2 protein chains.
Amino acid sequence: MTAQRRVVAEVLDGEHVHLTADEVHARAVSKLPEISRATVYNTLGELVSLGEVLEVATDKRAKRYDPNAHRPHHHLVCAQCGTIRDVHPTGNPLADLPSSERFGFTVSDVEVTYRGVCPNCATV
Amino acid sequence: MTAQRRVVAEVLDGEHVHLTADEVHARAVSKLPEISRATVYNTLGELVSLGEVLEVATDKRAKRYDPNAHRPHHHLVCAQCGTIRDVHPTGNPLADLPSSERFGFTVSDVEVTYRGVCPNCATV
DNA sequence: ATCCTACATTGGACGAAGTCCAGGTCAACA
DNA sequence: TGTTGACCTGGACTTCGTCCAATGTAGGAT
């Protein structure tokens, strides 16, 4: 555990946190000015392989990193401003996929993304 | 309707078709050698705004384009080779999101991505 | 049939996001 | 102290996508 990794882990902390790699880097720099982009990418990659952090690809641009990996959840995204909230729907989408629709796949995971307009953008 | 647009539309035809923009371009070139990347991107963008084609962001790399836009469906992705199948789960995930979990959003759409290993990769 | 005009297309430059690599630094341990 | 190995750095590079000025063309007007 080095200073760089600690800083990245600190930046990624809390609920409803979904930063891009560049945002993580920007915040890390403000705590540890000489940290490099490559290190941030490496550390994020390691956190993802360790299962500590999730990669989220809700928008088509940059990947986002979600530290709330241990509590299963899905995402609600504002189509206008891109805000992301963690949500916990009822029901189990895995059970909704009959084996006739599995094409022989071993299905291990589901990711649900709700899209809509957030209250803030709705009033504009 | 120009020759270029017709070619792009022809390339994007069928079920379980999920090409990247570059793949669309490559196939379009084989039918119309002088077609440019910019035109393919423009045409894809127009098809998406017209609602004829869906953008899919299942993998973190390039966007993919799904011509099967009129029949609502979700996706099953192989974590190893990236193969994508269209699937039609039972149930309605929109109904599974209680209003207490909507944070004031006006939710209009859901996208479900199942992940697993396809039969082909499983035998390797 | 010809001309005009608006729109489509082209190709290349540009930008954003991410990866890779060679070299430097640091901590631990013998 | 010297060696070792892991880590970090900065910059070059790749990939995917967008933008733009110049050119071509489809299809209505004459």
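Computed from heavy atoms alone, side chains included, the values below leave out hydrogens, waters and symmetry copies. All of these numbers come straight from a predicted model, not from anything done at the bench. Chain letters run A, B, ... following the sequence lines, proteins first and then strands; every chain starts at 1.
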message: Once rounded to the nearest 0.5 Å, what's the spacing between atom CZ of B:F105 and atom CG of A:L76?
response: 4.5 Å
message: Does C:dT10 have OP1 or OP2 under 4.0 Å away from a side-chain N or O of B:Q4?
response: yes
task: Determine: side-chain N/O of B:R5 to OP1/OP2 of C:dA8, distance under 4.0 Å, yes or no.
output: yes
message: For a quick test of reading the model: is some side-chain N or O of A:Y41 closer than 4.0 Å to OP1 or OP2 of C:dG18?
response: yes
query: Can you name the nearest heavy-atom pair linking B:V110 to B:P93, along with the distance?
result: CG1-CB, 4.0 Å
Donor-acceptor contact below 3.5 Å, side chain A:R85 vs main chain B:R102: no
message: Would you say A:H18 and A:D86 are linked by a side-chain donor-acceptor pair, where the criterion is simply a distance under 3.5 Å?
response: yes
query: Of the nucleotides C:dT10, C:dG18, C:dT9, which has the atom closest to the A:R37 side chain?
result: C:dG18
task: Find the distance B:E34:CD to C:dG12:P and express it as a whole number of Å.
output: 15 Å
- prompt: Over how many whole Å does the gap from B:R61 atom CZ to C:dG18 atom P extend?
  reply: 10 Å
message: If you assign B:N42 and B:T2 each to the DNA chain D nucleotide with the nearest heavy atom, which residue ends up on the more 5' nucleotide?
response: B:N42
- prompt: Do the side chain of A:E101 and the main chain of B:H88 share a donor and acceptor less than 3.5 angstrom apart?
  reply: yes
Rounded interatomic separation in angstrom, taking CD from B:E46 and C1' from C:dC7: 10 Å
message: How many whole angstroms separate atom CG of B:L44 from atom C1' of C:dT9?
response: 15 Å
Residue whose nearest DNA chain D nucleotide is more 5′ - B:A38 or A:A3: A:A3
message: Just the rounded figure in Å: distance from P of D:dC7 to CZ of A:R6.
response: 14 Å
- prompt: Any side-chain N or O of A:T39 less than 4.0 Å from the OP1 or OP2 oxygen of D:dC7?
  reply: no
field: Between C:dG24 (P) and A:I35 (CD1): distance, integer Å
entry: 21 Å
- prompt: Of B:L32 and A:K63, whose nearest nucleotide on DNA chain C comes first from the 5' end?
  reply: B:L32
